[in-house]
Structures are given as structure tokens and as C-alpha cells.
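Since the structure comes first, as C-alpha cells, the remarks are kept for the end.
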Amino acid sequence: MIKNMVMKRIFLSVLFFFFAASASYPSSASGGGSGQALSDVTFDVVILNGRVMDPETSFDETGVNVGIMGGRIIEVTKERIKGSIEIDATGKVVSPGSIDVLSYDPNERGAWYKIADGVTTNLAMHGGAADITAWYKRFSAIRPPVNFGAAFFYLEARNSLGIRIRRAATEREIEKLSAMAEKALNEGALGIGISLEYAPGISAQEVEAMMRVAKRFEAPVFFHVRYSDMEEPGTNMDALNEVISLAEKTGASAHVDHITSTGGTFSMKESLKMLEDARSRGMDITACVYPYDFWGTYLNSARFDDGWQKRFRITHKDLQIAGTGERLTPESFKEYRRLGKLAVAYAIPEEDVIEALRSPFVMIGSDAILTTGNNHPRATGAFSRTLGVYVRERGVLSLMQAIKKMTLLPAQRLEKRAELFKKKGRLRAGMDADIVVFDLAKIKDTSTVEKPASFSMGIDYVLVDGKIVKTPEGLKKNIRPGKALKALKIAPK
């Protein structure tokens with residue numbers, strides 16, 4: 001019996017490699033290109049009778065079966081197939097797992113909330129690490145349930161050299177930082193993350209140096225841009241112009257983090273138009289958004305330097321300590337700023353959120369992962385909220401548009417740097433079996449500012465690398481199939 005199973009796997013692998021090179025999406029009759037030859041094969045897992053959606057080909061049909069073997073999707077078909085494990089997806093959507101392109105370290109607690117929110121790949125592109133090898137070693141040892149990867153974190157690298165946030169790096173320091181970035185990228189970092197607003201001293205010369213390094217590696221640079229408002233001196237327009245001009249000068253790819261809270265607040269139409277114009281001139285620039293009308297950060301950050309009330313058009317009472325119901329006063333603001341508490345700010349116009357969501361080059365990124373209860377609800381509910389609120393309830397996006405923003409666009413953002421992303425964010429034969437099965441009528445974020453540690457609802461099954469890590473009965477915490485996602489080591493050109 002074991003011999004027969006091995007022979008079937010070998011046979012299936014041969015067929016997979018043969019058809020993966022040529023198969024596009026099939027007709028509604030058959031999916032993987034393998035046809036009748038696989039009719040007697042027992043897959044590891046099959047998902048039966050679902051509404052299967054692939055955002056790259058716009059395939060969207062009901063009554064479709066998916067066959068999975070060895071961590072890959074082998075068959076997508078309307079013909080009956082069988083598996084060692086069979087999932088009934090009748091009336092449910094079967095989509096690629098979400099790729100959270102703007103998250104942080106895949107810690108033991110937060111990673112499971114990501115799974116419950118339909119995230120199968122968690123990327124620390126806003127943070128990351130200066131020592132990328134140590135970062136991957138650390139989280140590989142933890143064995144997260146999600147796939148994981150990271151950027152070279154420029155602020156951490158600056159801090160390691162003793163460069164204060166309000167001071168520009170010297171030419172010698174820039175040389176050291178460039179060498180650190182090259183080392184990290186050679187060790188597999190997926191990009192470079194730069195947070196300009198949190199370190200106002202970072203000079204344009206520093207940014208240009210990082211972008212030149214990034215260009216040699218075809219790595220995207222993720223920007224928390226320099227300004228977050230429309231008050232002079234320093235506006236959203238200035239912030240985006242800085243990124244665009246340097247992208248044009250260096251040829252590097254750029255990504256604007258959470259554009260509703262940085263770079264686009266109160267100016268979304270104009271901000272998006274600037275990025276659209278840059279893209280039309282051949283620049284590779286994208287952005288992301290989280291689906292909330294309030295942002296959150298630490299009160300002791302530079303974001304709350306003097307004048308924040310005018311810049312963000314709010315008062316103390318528009319701030320709330322995350323994980324509590326407490327709104328702030330001038331007195332409590334001073335105390336919590338001293339303690340470095342994270343507060344949410346009710347300062348994003350809803351129309352800005354909608355404008356950003358509708359932009360074809362803006363993807364979903366949470367900008368959070370749960371650590372403690374002092375966190376923004378986007379850490380645990382951003383992806384289910386996109387589907388529940390902005391697809392089902394408000395009709396801002398079609399289901400296919402939303403899935404594309406959560407899966408395909410993040411994969412495409414990174415695939416030039418790391419080819420492994422060409423197998424993610426899609427659902428067809430030959431792709432990685434990172435899959436979510438959910439009920440569109442029931443999917444819902446349950447996390448709130450008062451209680452961010454709350455699991456999303458309506459997601460029945462989550463598969464990572466073909467392994468089931470969530471069922472309707474709950475999380476399978478003994479199953480930890482997440483893989484470290486690295487770019488190949490390449491020397492600068």
C-alpha cells in the first residue's frame with residue numbers, strides 16, 4: 001500500500017510539472033490540465049463544490065473542486081475528485097490566502113489572529129530588522145503558522161549606529177548603512193523599510209542611498225512618508241513628491257504605506273493622482289490601506305510633536321487608548337505620552353478610505369500584528385473587515401476586486417524581488433496551496449478599539465502550504481506549516 005501511494009505521488013508530480021508550465025485556467029469542465037489521468041488519484045486535501053476565485057485570471061465559478069498535494073494546487077475542476085481529507089465548501093468562497101504586506105514580527109500570539117483573519121503570509125515590511133539573518137533564525141525557531149518574511153529596517157540600522165532620530169547621518173554613516181542594507185538583501189531581505197515621519201532627521205541623501213541599493217537588488221522600498229497632513233510647512237504633497245522624485249532619479253520601486261494615514265489624509269484624490277501620474281511615466285509605485293477611519297500609533301513618537309491637533313484636525317478627546325474605552329484629556333495625554341502608550345486617533349475621513357480602496361494600485365495592508373491588548377483592531381480584523389464592510393455591506397468593492405487587493409497585488413509587489421511570490425496570491429494549478437474558505441454572508445471583523453484581541457468570524461478553513469490550520473471548530477495550534485520567505489542571495493549588479 002505504501003509503495004502504491006509513493007508511486008501515485010511520483011506520477012502526480014510528473015503530471016504537475018508537465019501541466020504547470022502550460023496550463024492557464026481551464027474551461028468550467030476541468031481545472032488543472034490533468035484530465036482523466038488523475039481521476040483515481042487520492043489527493044492530500046480536496047475542497048469540494050466551492051465558489052473558486054482566482055484574481056489573476058478573473059476565474060469565478062461555483063461547483064468547483066480543488067485538489068491539493070504536497071503543498072501545491074494540482075487540480076481545479078468540476079469533475080469529482082477525492083482526497084484523504086475532504087472539505088465541503090458548498091455555498092462558500094474559496095480564494096487564495098491573504099498576504100499582509102504591511103505587518104510586523106509574526107509573534108506567537110499575533111500570528112494566530114492573522115490566521116483567523118484569513119492571512120496566510122505575514123510580511124514585516126514596515127518594520128523588519130537590521131540583522132536579517134538573526135530575524136529569520138528567530139522566527140523560524142518559533143515556527144509560526146503563517147508564512148513570513150521581512151524587510152531591512154532602516155530605522156533599526158540607524159539606531160544601531162547611534163544616530164538619533166532628529167539628526168541626519170553623515171557620509172561615513174551612510175556608507176555603513178548602505179553596506180548593512182546590501183548585506184541584508186544578500187541574506188534574503190524582501191525589501192527596505194523606511195519610516196521618515198518617525199525619524200525627521202533622515203536626509204534626502206540617506207533615502208537616495210537606500211533607493212540606489214534597493215534598485216541594484218530589484219527590491220521595493222516601503223515608505224512611511226515624511227508628512228501626514230496638509231498644514232505647511234511639510235504637506236502630503238511634499239511627502240509624495242520626495243518619494244516620486246527619488247524613485248524617478250534612482251529607478252527604484254516604491255510603496256507608500258497606509259496612505260489614508262500618511263501621505264493622503266485630507267488630500268486623497270490629489271495624492272492618488274500624483275501616484276497615478278508617476279505610474280503613467282513608468283515608475284513602479286504602489287500603496288496600501290487599512291479599512292478603518294482611525295489610525296493608531298505611540299504617543300511618544302514624533303507624530304505627536306507640538307502642533308498635532310492642527311495637523312490632524314483633532315483634539316485630545318479624539319484620542320483613545322487602545323484596549324480601553326478611555327478618551328484623553330490634556331493631563332492624561334502627558335502621562336500616557338511619557339509611558340509610550342499606543343492610542344488610536346479618529347482622524348481619517350471615511351471618503352479618503354473609500355477613495356483609496358477604489359484605486360486599482362492600492363492593496364490591503366494591516367499595519368499591525370497583535371502583541372498586547374494595547375493595539376489597533378486592524379491587527380486582527382483588517383482583511384475580514386474589507387470583505388464584510390466594504391464588499392458585502394457598503395458595496396465599495398466587488399468581491400473579486402477585494403480578493404485581488406488582499407492576495408494578488410501584494411504578491412505582484414514582491415515577485416520581482418523574490419520569484420517565489422509568483423506562486424502566491426493565485427488559485428490555479430501549480431500555485432502554492434495557501435487557501436481560505438469563507439462564508440461571504442457571515443464574514444465579519446469582531447475586534448474593536450476597546451477589545452482588539454478578538455477573532456474574526458465567517459472564515460471556515462485556512463490552509464497554509466496545503467495544511468489545515470483552521471477549521472470551523474477552531475485553530476489547529478499543533479500544525480505550524482509557515483515557511484520563511486526569502487529572496488535569493490544575489491550580489492549587487
Side-chain angles (χ1 to χ4, degrees), residues 55-58 99 101-102 123 125-126 151 190-194 196 204 207-208 210-228 230 235-291 351-365 367 386 396-398 400-418 421-422 425-426:
E56 188 168 47
T57 60
S58 298
I99 299 171
V101 77
L102 205 72
L123 302 177
M125 301 304 290
H126 200 346
L190 298 176
I192 295 176
I194 302 179
L196 297 172
V207 180
E208 181 177 341
M210 286 299 105
M211 295 186 80
R212 291 197 182 281
V213 173
K215 175 57 181 174
R216 292 200 297 275
F217 286 85
E218 292 299 332
V221 182
F222 279 66
F223 282 98
H224 178 124
V225 297
R226 200 175 292 276
Y227 307 116
S228 300
M230 290 301 293
T235 68
N236 291 331
M237 309 296 100
D238 298 321
L240 295 180
N241 271 324
E242 178 179 21
V243 172
I244 292 168
S245 62
L246 287 172
E248 190 165 28
K249 184 176 183 179
T250 63
S253 300
H255 180 89
V256 177
D257 300 344
H258 45 58
I259 192 169
T260 47
S261 60
T262 315
T265 315
F266 314 126
S267 65
M268 189 56 65
K269 287 184 179 180
E270 296 86 347
S271 294
L272 292 172
K273 181 65 163 55
M274 290 177 68
L275 298 182
E276 288 166 4
D277 289 346
R279 287 168 59 86
S280 71
R281 298 197 303 274
M283 279 172 269
D284 182 9
I285 298 181
T286 54
C288 63
V289 61
Y290 48 80
E351 56 268 27
D352 283 357
V353 178
I354 292 172
E355 285 285 343
L357 284 171
R358 284 176 172 162
S359 174
F361 60 85
V362 175
M363 60 200 76
I364 305 300
D367 188 31
T386 299
V396 171
L397 298 171
S398 71
M400 185 65 82
Q401 287 172 328
I403 289 174
K404 184 176 182 179
K405 288 175 177 292
M406 299 190 301
T407 62
L408 181 64
L409 292 188
Q412 290 176 331
R413 172 68 286 172
L414 292 161
E415 63 188 27
K416 188 186 294 185
R417 167 67 180 145
F421 283 97
K422 291 181 179 179
R426 290 94 163 165

Worksheet item: His126 and Phe222: side chain to side chain contact (heavy atoms under 4.5 Å, CB included), yes or no, with the steps?
Response: CA-CA 7 Å; His126 200 346; Phe222 279 66; over 6 Å; no
Discussion item. A side-chain contact here means heavy atoms from C-beta on lying under 4.5 Å apart; do Phe421 and Arg413 qualify?
Written reply: no
Response to the item:
Residues Leu246 and Ala204: closest non-hydrogen pair is CD1-O, 4.2 Å
Worksheet item: Just by distance, do the side chain of Arg279 and the backbone of Ile285 share a donor-acceptor pair under 3.5 Å?
Response: yes
Fill in: Ser245 side chain vs Glu242 backbone, donor-acceptor pair below 3.5 Å
yes
Worksheet item: Just by distance, do the side chain of Asp352 and the backbone of Phe266 share a donor-acceptor pair under 3.5 Å?
Response: yes
Item to complete: Compare every heavy atom of Val396 with every heavy atom of Gln401, then report the nearest pair and how far apart it is.
Response: OE1-O, 4.5 Å
Practice prompt. Working to the nearest 0.5 Å, report the span between CD of Glu248 and CE of Met283.
Written response: 4.0 Å
Worksheet item: Which is it for Asp277 and Arg281 under the salt bridge (charged side-chain N to carboxylate O under 4.0 Å, His left out) test, yes or no, and what are the steps along the way?
Response: CA-CA 6 Å; Asp277 289 346; Arg281 298 197 303 274; 5.5 Å; no
Worksheet item: For the atom pair CG (Leu408) and CE (Met400), what is the distance rounded to the nearest 0.5 Å?
Response: 10.5 Å
Worksheet entry | Nearest atoms (heavy-atom pairs only) where Tyr227 meets Thr235 | CD1-O, 3.3 Å
Worksheet item: Which distance, rounded to the nearest 0.5 Å, do you find between the CG of Leu190 and the CZ of Phe217?
Response: 13.0 Å
Worksheet item: For Gly263, does its backbone N or O pair with a side-chain atom of Ser271 as donor and acceptor, under 3.5 Å?
Response: yes
Response to the item:
Exactly one candidate in Leu409, Leu272, Thr286 meets side chain to side chain contact (heavy atoms under 4.5 Å, CB included) with Val362; the answer is Leu272
Practice prompt. Decide yes or no on side chain to side chain contact (heavy atoms under 4.5 Å, CB included) for Glu56 and Gln412, but give the supporting numbers first.
Written response: CA-CA 10 Å; Glu56 188 168 47; Gln412 290 176 331; 4.2 Å; yes
Worksheet item: What's the spacing between Leu275 CG and Ser280 OG if we round to 0.5 Å?
Response: 11.0 Å
Worksheet item: Once you round to the nearest 0.5 Å, how far does OG1 of Thr260 lie from CE of Met268?
Response: 5.5 Å
Worksheet item: Roughly how far, to the nearest 0.5 Å, is the NZ atom of Lys273 from the CG atom of Leu240?
Response: 13.5 Å
Worksheet item: Nearest heavy-atom pair of Gly425 and Ile99: which atoms, and what distance?
Response: N-CD1, 4.1 Å
Fill in: Electrostatic pair Lys215:Glu218 at N-O distance under 4.0 angstrom
yes
Discussion item. Go through it in stages, so that I can follow the logic: the residues are Val289 and Ile364, the test is side chain to side chain contact (heavy atoms under 4.5 Å, CB included), and I'd like the CA-CA distance, side-chain angles, deciding distance and then a yes or no.
Written reply: CA-CA 5 Å; Val289 61; Ile364 305 300; 4.1 Å; yes
Worksheet entry | Audit row: Met363, Lys404, side chain to side chain contact (heavy atoms under 4.5 Å, CB included) steps and yes/no | CA-CA 8 Å; Met363 60 200 76; Lys404 184 176 182 179; over 6 Å; no
Worksheet item: So, for Val353 and Pro291, which heavy atoms are closest and what is the spacing to 0.1 Å?
Response: CG1-CA, 4.3 Å
Discussion item. Donor-acceptor pair, distance only, cut-off 3.5 Å: does the side chain of Lys405 make one with the backbone of Leu357?
Written reply: yes
Worksheet entry | Residue pair Thr265 / Ser228: nearest heavy atoms and the distance that separates them | CB-O, 3.8 Å
Practice prompt. Taking the side chain as every heavy atom from C-beta outward, state whether Asp257 and Asp367 have any pair of such atoms under 4.5 Å apart.
Written response: no
Worksheet item: How are the rings of His258 and His224 set to each other: parallel, tilted or perpendicular (split at 30° and 60°)?
Response: perpendicular
